[in-house]
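We use all heavy atoms of the structure for the numbers below, so side chains are in, but hydrogens, waters and symmetry mates are not. Sequence lines set the chain letters: A, B, ... in the order given, protein chains first and strands last, and positions in each chain run from 1.
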Amino acid sequence: MLPKAYDPKGTEDRIYVLWEESGAFMADAQSKKEPFVISMPPPNATGQLHLGHAVMLALEDIFIRFARMQGKEALWLPGTDHAAIATESVVIKKIQKEEKIKDPRAHYGREKLVQKIAEFVEQSRATIRSQVRKMGASCDWSRERYTLDASLNRCVNEVFKKMYEEDPKLIYRGFRVVNWDTALQTTISDDEIEHEEHEAVLYTFEYLSSRQTGGEPLYVATSRPETKLGDVAIAVHPSDERYQHLVGKKFPVRWPGGRTISITVIADSVVDPSFGTGAVGVTPFHSKIDEALWNRHKSIDSTEPIQVITENGKIFHTIEGYGGMTVPECREAFVEGLRKEGRLLKEEKYMQPLSISYRSKKPVEELPKLQWFIDVNKEAIVWRGGKKKMSLKQIMQEVIRSHDISIIPGRFEKTYFQWIDHLQDWCISRQIWWGHRVPAWYCKKCNKIFQATDATARGVSLKHPVPDYVGIPELKKCQNCGEKNDLEQDSDTLDTWFSSGLWTWSTLIDPALAEDTSLSLQDLLKKSPDFQKFLPTSVMETGYDILFFWVARMILMTTYATGQIPFKHVYLHGLVRTRDGKKMSKSDPSTCIDPLEIIPKYGADALRLSMIVGQSPGNDFRLYEEKIAGYRNFINKLWNASRFVLMQCEKAEISPKAIPAEFSTPNSQLSTPDRALLSSLQRLVENVTEGLKAYRLSEVGEQLYSFVWDFFCNGYLELSKGEVDVSVRLKALRTIVHLLHPYCPFVTEELWSQIAPEGAGLLIKEPWPVVEEDRIDLVPEKKFELLINVISAIQSLRMEYGVPSKTKIPAIVHVAESDSFLLAYSQHFLRLANIDHLEVVPKAPAHKHGMVSMFLKGADVHLSLEGVVDLAKVKQNLEVERAQLEKFLSGVRAKLSNEQFMERAKPEVVETEKQKLADGEAKLAKIEERLRALA
RNA sequence: GGGUGGUUAGCUCAGUUGGUUGAGAGCGUCUGGUUUACACCCAGAAGGUCACAGGUUCGACUCCUGUACCACCCACCA
């Protein structure tokens, strides 16, 4: 006998082992079945499983189990991400704290530090694996991948090389202003910047004196006066009359501290004449905007921009008066100098958008640096046999526009397009050590400094070597001098999203084949069975917060490298929030719900349901313990319903195993409740199947919940007590656990082991239920519903008039059509509604003193409560009911007397309105008659 | 500055092609229950002018426009 309450703790791990050992998770690349594929978004290799992962795992497991049961070749490929900057900074902090080493990079050196990080990652990957299992994720562990696997690294190198060798080049090395994280000492991409409103001071000061301008002095407003030490120009709006006479002129400007710069006044329409003084200093090396502005105008002047701020956030030692100061120190000293010289006009507070690093949460400096970039605008690629070459940006737009890839919910397509519109070349090199090292080698022997980069042209001393070899390490050899031993690899690593962008297909490369460096990338793809069978993947499911970071990058990298889309559908889930609607933050553990604490307490099944039902894609949702407890209760309800059916089997001395899967008893031999059950079950199968196909997970979950609890347990099973034939309810239960299996796999698998027919395998491998059309019959369903409604009406009347629950009373039910059905179930009435006598009559009974009634559709229920009932209350209730009904009827009448409604509304709508009127009037007549009798 | 989403019962949220019983669920509240599957339960009840204002329509929670508040995303006003 099963225990009274379901015990997830004692069940889940055991079931998971059964699944895993059964091979049910493993996909077969040789299969002829239609593939259904999900690449699991790889959790960071550092972390713990959190609720974001839990949502992702729950959703994807539902998709994959449904597909598997539907007979598709289901592959869910798991893995982990090396998470470059995130991991390196975690480990560095750890070393600083635990080993008291101030600068672990300097202390250990590259090789040793990378090794230490790798060791750390290896441990936490094991943790992640076990945590993913806890959620019940049915992924194919035999195909587990890691972004730093050799075969994935090969793909990274191959794609880098391919892009570099494209004509025109899609990967290039350039000296440009980039985002510099001074805390982490690395560049970051545009997407890794957060914009925050920040209170700042806007300083307005005299830039050109009245002597220089020949009139009013020229003032400039800025929040970063220290950068003015590196200005090369003053920009004004072309139609700004205040400055027309100065445009094109060149002036020397001497700053406090001794530095003199030379600036030219230029006119450009990006300048907003209404902000500040309408004149803005142009600092090409500390602002991307200024850099672009200066590039448009630099032909008029040969002044070279200079770098004022170093990588450490200090002022360059060559800057007169401020060398070595920090930025805030310099700002203060510079402003003080201006003040002393009487050049400071005003200081105002204002809200300034500040760039913060997504990684370190520290302000980002814009600095000029020599970095690697992916060019998103060069038209270099032929997409799908098109005639015109397209840019990466254009392909990214095209695949969404053509709906080769669809995004759920659809509104994110607009967001995606807007992001692409603003997309600029992607800086992919990082000055950290953990990750895929840039696959470019410089020959020490023939290394030359190449000509005319932008930087050298500006007189900045920079080594700007062009790599002698780009590609995969095994083949590295200088293409110029043929030297093999004297090659030095670029010291930078690649942005973590570069490799993540390849995830959907680099994971499908055959690792053994990837070792053969004689194969080209093309051959590798062609010869890898998984790649051939499983790309494109079916659905990419992830949080909307990484639409740009990851989803967009996968589209970019995959379309380019393979000529295919990475996935057909993108399903974006919302973010989990606290009860108060706040973000759960790692820094404040009290706000977090930890799935690893929830699972032992409530079970993974309950957690899964609580994150799926009631949520819609793309919208955030709140999760709190009571919600999870509610679904734990549901799981337990299902458990007990099954236990009950099993007990009935036992009583009937029938083993469930002996009842075959096929159920062939014709409808005509079944009772009305059994027919009603089978009929509504078919409609449930249909709704669930269609709903899951359309990714309407919440709606389907609700339907299953309501069917099990309301219809099956509270309706059907309650009524079935004492009925001997268990075969129909067992069949129904079997279907129910099939339908629920994707949502709550553990409890359903456990129940299946009890209720399955002899010889059945695991539920995970069972075929999905099909709709049995011949079982659909609405007549029994209607009858059954009436029965439930009548019982409910009796109970309602009893409560309303305060009949004690133990007091048995007689009931008369007046049914419109004479049918022995209700009478046949009289003993259940007696039990469920506490009735001592039931009379079913074809004619309305005469009113008796103390009679209370409820008029239902299809039946009227009368109780004789002589001596119990308060007549005044009966009368009052009837009057309230009459008033409501009259109000309703007047609305219906108004509709029906509206000519336009009669003309234009659909006939069936008119018909239902007429029916409403007829039913309502009949009911009204009954109420009035009763009121007359009471008068 | 541009964009997106939200505003439905005390709380958390569903509501997919505008009319199929006069607006739904869970939790909470109230009333009554040791009905031998389940108190992680059963029965019943109260509670909403579907943010506001217009418009389209015979008919709008559902479509359109505008307003307010909240949240989020993007952004070259230094």
Side-chain angles (χ1 to χ4, degrees), chain A residues 2 4-6 195 202 220-224 227 235 270-272 274-276 279-283 287-293 352-353 409 411-412 414-415 418-419 421-422 544-545 547-548 575 579 581 602 606 613-616 618-624 626-627 629-648 694 696 698-699 702 705-706 713-714 717-718 721 791-792 795-800 802-806 831-834 857 884-885 887-889 891-892 895 898-906 908-910 912-913 915-916 919-920:
Chain A
L2 297 175
K4 262 174 93 162
Y6 171 61
H195 299 276
L202 187 67
V220 160
T222 180
S223 60
R224 299 213 53 187
T227 63
V270 296
V271 179
D272 177 359
S274 66
F275 185 89
V280 52
V282 179
T283 324
S287 156
K288 276 186 246 182
I289 307 153
D290 288 8
E291 181 188 41
L293 180 59
Q352 175 202 25
R411 64 185 144 87
F412 279 96
K414 191 169 179 181
T415 314
Q418 277 173 344
W419 177 78
D421 287 343
H422 289 120
Y544 65 78
D545 54 331
L547 176 63
F548 306 142
L575 275 29
R579 182 197 305 275
Y602 297 100
V613 182
Q615 327 304 345
S616 45
N619 294 326
D620 293 354
F621 63 98
R622 305 178 190 201
L623 188 68
Y624 40 92
E626 296 94 297
K627 208 183 244 182
Y631 288 101
R632 184 266 322 265
N633 297 352
F634 170 71
I635 301 286
N636 195 50
K637 189 73 187 174
L638 175 71
W639 177 261
N640 272 289
S642 311
R643 202 159 73 94
F644 181 51
V645 172
L646 288 169
M647 284 170 78
Q648 290 180 323
R696 291 198 304 263
S698 172
E699 190 192 310
E702 271 178 29
Y705 183 101
S706 163
C713 292
N714 296 353
L717 283 182
E718 276 305 325
K721 286 180 176 169
I791 293 172
S792 182
Q795 285 166 331
S796 177
L797 283 171
R798 293 180 63 112
M799 286 294 276
E800 177 65 36
V803 183
S805 57
K806 282 183 180 166
R831 183 170 48 84
L832 293 171
N834 241 330
K857 204 174 166 188
Q884 285 172 348
L885 191 54
K887 195 178 154 201
F888 169 63
L889 285 176
V892 178
K895 234 182 210 180
N898 182 334
E899 278 176 35
Q900 286 177 308
F901 172 75
M902 299 302 280
E903 259 173 48
R904 301 193 194 180
K906 280 182 256 171
E908 60 265 32
V909 174
V910 175
T912 54
E913 289 300 317
Q915 194 58 48
K916 275 188 203 167
D919 292 348

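- The listed nucleotides are B:A37, B:U12, B:C38; the one nearest the side chain of A:Lys4 is B:C38.
- Taking only side-chain nitrogens and oxygens, A:Ser805 never comes nearer than 4.0 Å to OP1 or OP2 of B:A43.
- Residue contacts for A:Pro804: at a heavy-atom cut-off of 4.0 Å it reaches no nucleic acid atom on any strand shown.
- Across all strands, A:Arg798 comes closer than 4.0 Å to no nucleic acid atom at all (heavy-atom distances).
- The residue A:Asn619 sits close only to the backbone: its heavy atoms come under 4.0 Å of sugar-phosphate atoms, none of a base.
- Taking atom C1' in both B:C40 and B:C64, the straight-line distance is 48 Å, to the nearest Å.
- Checking B:G3, B:A14, B:C38 against every side-chain atom of A:Lys414, the shortest atom distance belongs to B:G3.
- Proximity of A:Lys637 to the phosphate of B:C40: no side-chain N or O atom is located under 4.0 Å from OP1 or OP2.
- Contact annotation: A:Asn714 reaches the phosphate of B:A43 (side-chain N/O to OP1 or OP2, under 4.0 Å).
- Taking the six-membered ring for Trp and thresholds of 30 and 60 degrees, A:Trp639 and A:Tyr6 have ring planes inclined between 30 and 60 degrees apart.
- Residue A:Glu908 qualifies as enclosed at atom CD: its count of foreign heavy atoms under 6.0 Å is above 12.
- Proximity note for A:Arg622 (side chain, C-beta onward) versus B:C13, B:A37, B:C40: the nearest is B:C13.
- Of the candidates B:A37, B:G3, B:G26, the closest approach to any side-chain atom of A:Gln418 belongs to B:G3.
- Of the candidate nucleotides B:C38, B:A14, B:A45, B:A45 has the atom lying nearest to any side-chain atom of A:Ser796.
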